[in-house]
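Following: one structure in structure tokens, then a few remarks.
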Protein chains: 2
Amino acid sequence: MPLEKSRLSQATKKRVRDADATKLRILEAAKKEFSKNGLEGARVDAIALDAKANKRMLYHYFESKDGLFRTVLEREYLKIRAEENLLDLENLPPRTALETLVRFTWEYYIANPEFITLVNSENLCKAAHIKNSATLKTISQKFVRRIQTLLDRGVRENVFRDGIDAAQLNITIASINYYYFTNRFTGSVIFERDFTAPEALEERIYFNIETICRLVCK
Amino acid sequence: MPLEKSRLSQATKKRVRDADATKLRILEAAKKEFSKNGLEGARVDAIALDAKANKRMLYHYFESKDGLFRTVLEREYLKIRAEENLLDLENLPPRTALETLVRFTWEYYIANPEFITLVNSENLCKAAHIKNSATLKTISQKFVRRIQTLLDRGVRENVFRDGIDAAQLNITIASINYYYFTNRFTGSVIFERDFTAPEALEERIYFNIETICRLVCK
DNA sequence: CGCATAACGCACCGTTTAGTTACTTACACA
DNA sequence: TGTGTAAGTAACTAAACGGTGCGTTATGCG
């Protein structure tokens, strides 16, 4: 009978005490709070409250506010790289693959606005949290190599210009999408138009694809 | 004799009490502190100390921390627009004018890295400080109109493509320069190269000019 | 079942924070 | 040269902050 109860509780994950579930709740709450208010602006108490966890647990699992931020940020980097890896760039015509990549970046930022503000926070503190993360370096470089392969294939198939650097292209694709979102609030005020209106978004992604295609294609 | 002394002190600006000079010292110190640590991370005491002013004066002149930030940010926007207006785009061949604009943006960010982090902070708080600034809107729109004029002239002279939106182009020029700088710390870690090394900077500005010219020119 | 361990909670700490009160002092102008 | 006003100062506050000491309780395992 106690065995059965144990099996049931494991299966339904309705344990009163569940370290993994608590950790995850804290991470989700931290992601919200850090992305909304920045690293300095985020409140540890607010994270604990939102996670329905005791503040003590936060320090138990993540050591410090910075430790928690590091974990959140690293997870977000891993997540975007993982989704990028799902892109089937290798089996698409080069031009279509390029367009797919631009569109993916755009849509990822729309769906995950937190990523942008987290990265901004990390740059404000000069990348102090990720400085020593070996995994982040390797996965990012693997992605640049994938783009280089795509560029090479495009050149071979005579649709891409020769001599384009994959890292520079990668930065440019990110920038024209990233900038629009991170500055959407000041942008909307200054240009007196709603940057997040559906028509505005459509106009922008069209313009961005055009920009990249004209840069890369023959 | 007291008249002479007064005249002298006004001329040399060596008054013991000088409201304008104090205000300026506070603004300069605030710009440093806000850009270094963000709005929330900035410390009012640190600003007062660096400005060699009493904290009370800060509240006397700018009302609050947010009031000070608003003033700093508005001044920085006015400054970049003023420098942009010095650009002689009207009397340059269209392609040269375009290249001049891209290069100016790039060099402005190199010379004024504070501008970028201040804008980032403002976007984190959803443009709360500049929301009601009428001057900012008008000067920005005037600039977009200048770019539109340049684009029109380029089309007439048969060197630019037709139908390019000045606002979109303006955003794109800003983005490819801005992103590189704001993310230079995470970028340097992830790509394992120094984003601020002279060779890296040169490579990037070349790539950016290429990107814009390919987008706009025939 | 009994028990070691890990999950969890409460109440608290010392420090730092933005902002203020109450005061003194230099200076422009009459 | 006297004086009202604005510039400037020091010491303070109440609240909020990140972080902890220490006790309690659920749970998985032998």
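Order of the sequence lines fixes the chain letters, A, B, ..., with proteins taken first and strands second; residue numbering starts at 1 for each chain.
- Counting heavy-atom neighbours within 6.0 Å of A/E202 CD, excluding the residue itself, gives a total of 12 or less.
- Without hydrogens or angle criteria, B/N170 side chain to B/A166 main chain gives no donor-acceptor distance under 3.5 Å.
- As judged by a 4.0 angstrom heavy-atom cut-off over every strand, B/A21 is placed among residues making no nucleic acid contact.
- Atom pair A/R25:CZ and C/dC8:C1' shows a separation of 11 Å (rounding to whole Å applied).
- Summarising the geometry, the separation between CG on A/L49 and P on D/dG18 is reported as 13 Å, rounded to the nearest angstrom.
- Residue B/S64 places its side chain closer to C/dG19 than to any other of C/dT20, C/dA7, C/dG19.
- Between the CE atom of A/M57 and the P atom of D/dT25 there is a distance of 16 Å, rounded to whole Å.
- Separating the CG atom of A/L24 from the C1' atom of C/dA7 is a distance of 16 Å, rounded to the nearest angstrom.
- Protein atom CZ of A/F34 is 11 Å distant from nucleotide atom C1' of D/dG18, rounded to whole Å.
- Taking the side chain of B/R43 as heavy atoms from C-beta on, and the options C/dT17, C/dG19, D/dG18, the nearest nucleotide is C/dT17.
- Nucleic acid contact for A/A48: none, since no nucleic acid atom lies under 4.0 Å from a heavy atom of the residue.
- The distance from atom CG of A/L39 to atom C1' of D/dC17 is 14 Å, rounded to the nearest whole Å.
- For the pair A/N54 CG and C/dA7 C1', the interatomic distance rounds to 11 Å; values are reported in whole Å.
- Per the geometry, OH belonging to B/Y59 stands 9 Å off C1' belonging to C/dT17, to the nearest Å.
- When each of B/K52 and A/D45 is assigned the nucleotide of DNA chain D with its nearest heavy atom, B/K52 is the one assigned upstream, toward the 5' end.
- Contact annotation: side chain of B/R56 to base of C/dT20, donor-acceptor pair absent below 3.5 Å.
- B/R17 contributes a side-chain N or O that forms a donor-acceptor pair with the base of C/dT25 under 3.5 Å.
- Mapped onto DNA chain C by nearest heavy atom, A/K55 and A/Y61 fall at different nucleotides, with A/Y61 at the one closer to the 5' end.
- Using modelled atom types, one side-chain atom of A/K65 and one backbone atom of A/L39 make a donor-acceptor pair closer than 3.5 Å.
- Proximity of B/T22 to the phosphate of D/dG8: a side-chain N or O atom is located under 4.0 Å from OP1 or OP2.
- In this structure, the side chain of A/N123 does not engage the main chain of A/K126 through any donor-acceptor pair within 3.5 Å.
- For the ring pair (Phe, Tyr, Trp, His ring centres under 6.0 Å) with A/F181, the qualifying choice from A/W106, A/F195, A/F115 is A/W106, the only one to do so.
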